[in-house]
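What follows is a set of notes on a single structure, which appears directly below.
Computed over heavy atoms, backbone and side chain alike; hydrogens, waters and symmetry mates excluded. So that the names make sense, note that chain A is the first sequence line, chain B the second, and so on, each numbered from 1.
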Amino acid sequence: MSTDIERRVGNLLNSSQSTGATLSSLPSISADLGQKQSAAPIKYVSSRQTDSSKEKLSVALKERQELVQASDSLKEMKSFREKLPAFKMKSEFLKAVQENQVLVVSGETGCGKTTQLPQFLLEEEISCLRGADCNIICTQPRRVSAISVAARISAERGESLGEAVGYQIRLESKRSAETRLLFCTTGVLLRQLVQDPDLTGVSHLLVDEIHERGMNEDFLIIILRDLLPRRPDLRLILMSATINADMFSKYFANAPTMHIPGFTYPVAEHFLEDVLEKTRYSIKSDFDNFEGNSRRRRKQQDSKKDPLTEMFEDIDVDTNYKNYSLGVRKSLEAWSGSQIDLGLVEATIEYICRNEAGGAILVFLTGWDEISKLLDKLKGNNLVGDPSKFLILPLHGSMPTVNQCEIFERPPPNKRKIVLATNIAESSITIDDVVYVIDWGKAKETSYDALNKLACLLPSWISKASAHQRRGRAGRVQPGVCYRLYPKLIHDAMPQYQLAEILRTPLQELCLHIKSLQLGTVGSFLEKALQPPDPLAVKNAIELLKTIGALDEQEELTPLGQHLCNIPLDPNIGKMLLMGSIFQCLNPALTIAASLAYRNPFVLPINRKEEADAAKQFFAGDSCSDHIALLKAFEGWKEAKRSGNEKQFCWDNFLSPATLRLIDNMRMQFLNLLSDIGFVDKSRGANVYNQYSHDLEMVCAILCAGLYPNVVQCKRRGKRTAFYTKEVGKVDIHPASVNAGIYLFPLPYMVYSEKVKTTSIYIKDSTNISDYALLLFGGNLVPSKSGEGIDMLGGYLHFSASKSVIELIRKLRGELDKLLNRKIEEPGFDVSAEGKGVVAAAVELLHSQVMR
DNA sequence: GAGCACTGC
């Protein structure tokens, strides 16, 4: 640090007057403070109504229901409903609900449980003249299903959506004072529980898709089990697609279970051995060029193999498959469970196209790379490569095709649709006209390595339940066929169900939510889970919350932690948002927080990858930051939208308009929440909170404040830079990052949003930051044990400088912390006025190191 | 010399 800077920073810090000159020359930021639009509480406020008006309402509801049900317009609807397997169970179901507080219902696809059971309850309550009092809630894990089920039931009742039946998801709802049956996402209900822990006024709660073992659903049922004794009048119905209902029944003191048979068309299934016989395809081992036993050789080479693949390699093919041809047996010998054989997939597609009747083909693959490679292969295929006869569509959450209706549309006759998809087609996206499913039995799955505090995303064998679900995708409109490209022996050895999400994920957000619901200590609460997570994973989460200052040493919420509870975000991202509002970078903090929380708006097109990378690079400029690229892309979109150029802008820059719109709406939600907790006073206008929004050094410092302790050290290794973290040592920049192609960085550290182990340990979305950003906005400053300099992150990071500089930094940091603490204790406190000098000093120091 | 399962407040 030059003495000149030292003097200037010192002066700023000491003077109460700020240097207005540079500050006022910043461009002003347009006011985009939104109107308050926070969601109405779920509970139905009937308490204000008098008893007689309620009676009248109940009578009116009943009369209307009877009238509509007798009308001719619903005849077709009625006969459809009566054909569903659930219809036969109606009286049994209603009786069970009446007699038991908890009921577990299992039912396969097509049985009508999701559309019929909540509807039975509604009809029953209305016809028993309890219509005015009933308030039925049904949770869904996904937004689209909440909407589509609510729409379907409204249609079945001959009503408009939002009358008796409505939905509520984040940032979107269709409901009214008349709504008696509400579909909402599980996340919405969990947020609602913070304000209304007893679910006051709710008469029936149905929790759907519990077999998926999502984190929210697992979390919700712990809360509900504790709530039931306090709410003896509340009825709870758990709905599962598979017959693992026993586990849930046991969890709820042996609650009765009920099974509804499913209805789908039959789907024939063929395993690898039969597919090989049919297609005459021969699998070549990678080791066929070597002498000797290829399987043994492969075993020696690849020691980190999954147990299922290993199991199959140990069996004797000739005795197990003696009825199969020699060619099939040779192929089974050569088959590898760890590597997909795209030639086999191609041969299977070709076989269907040559030998089977029309109908769409759905291929399940694990990721972008496989989809892309198979697409290339098929385009070069003599038969399938003919675009006049075949429509081949990739389907991946990050590809621009994901929102195209082509996927759902039926192609013209004589043209066959072939969809190459990830797991997205297993439950999120349903393509009705699929008749053939090809499944190689794998999916990328997250896991959490608690020892190394490391999230992993690795391909692994799916569960039997998933394999069943994938097969079912072929039988929605007519009988279908499922080709499984793995041996039946592998299928038999697959786990019954996928590991619960709560056992596969970092837990900091969940732990914060538990604290906000005042559910006791995190550890004792989570022990009550259906499957309690690893105590080490819980410990890691609590330690992280302590490190960022959300929990104190007694594991109680700090004032900062209490604010974070009010913001539905990962605690790190929530902290970034608070820091952005405190240090007058509100707009960038809102944008970056919303995109990190939701989804990256950049799409990954299959053919124009390089151009897409270049677009991202353009937005990043020389910032060395993926977060700045996000920010600039969003600002560009806003500008393009204002000038009516949205579509072209998104197309040119490889951005998803749908994602950007949702990010925009989330910004508004966050802004309202910041206003609710008093951090932002909307009446003062946006400019007050955006003094430094165009100062990239300050924005990067705010990123540092939020993302800490996600820090890597950049160390120069010859002509390149190597990256190191405290937890796992060497890491790589993710190849999709704008920082991936850079050899040398201007600044010595990176902060990152996420670290994931795939083929290597990658940091995604990184930002290059300075010493000063870390010193002023990172972790606590600890005097080095050696006596010289400052330590951070338990001594992993060390900073040395002259005594006077260190003294200056400590002083400035102390002042910043004071401002921060005051604002957190007293949200109405005006940092922009009273902290003007201190903040300006920090900015001056941040600028002293680098000019971007 | 590289790579990007999927939900949700």
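- For R608(A), the salt bridge (Lys or Arg N to Asp or Glu O under 4.0 Å) criterion is met by E611(A), not counting sequence neighbours.
- Among the heavy atoms of the strands lying under 4.0 Å from I424(A) are primed sugar atoms or P, OP1, OP2 only; no base atom is included.
- A cation-pi arrangement is present between K616(A) and F602(A), with the terminal nitrogen or guanidinium carbon under 6.0 Å from the aromatic centre and inside a 45° cone about the axis.
- Annotation for K174(A): atom NZ does not count as buried by contact number, only 12 or fewer foreign heavy atoms lying within 6.0 Å.
- Nucleic acid contact for T446(A): base, since at least one base atom lies under 4.0 Å from a heavy atom of the residue.
- For the side chain to side chain contact (heavy atoms under 4.5 Å, CB included) test, residues two or more places apart in sequence or in another chain that qualify with S675(A) are K682(A).
- Both tests pass for K715(A) against the ring of Y724(A): distance under 6.0 Å to the centre and angle within 45° of the axis.
- Residue order along DNA chain B, read from the 5' end via each residue's closest nucleotide, puts Q498(A) first among Q498(A) and R143(A).
- If you check every strand for non-hydrogen atoms under 4.0 Å, T758(A) touches sugar and phosphate atoms only.
- A736(A) comes within 4.0 angstrom of a base, heavy atoms only.
- Taking the six-membered ring where tryptophan is involved, the planes of H491(A) and Y486(A) are essentially parallel, since the angle between them stays under 30° and well short of 60°.
- For DNA chain B, the contact window with chain A, defined by any atom under 4.0 Å from a protein heavy atom, covers dG1(B) to dC9(B) in 5' to 3' order.
- Within the nucleic acid shown, K609(A) comes within 4.0 Å of at least one base atom, counting heavy atoms only.
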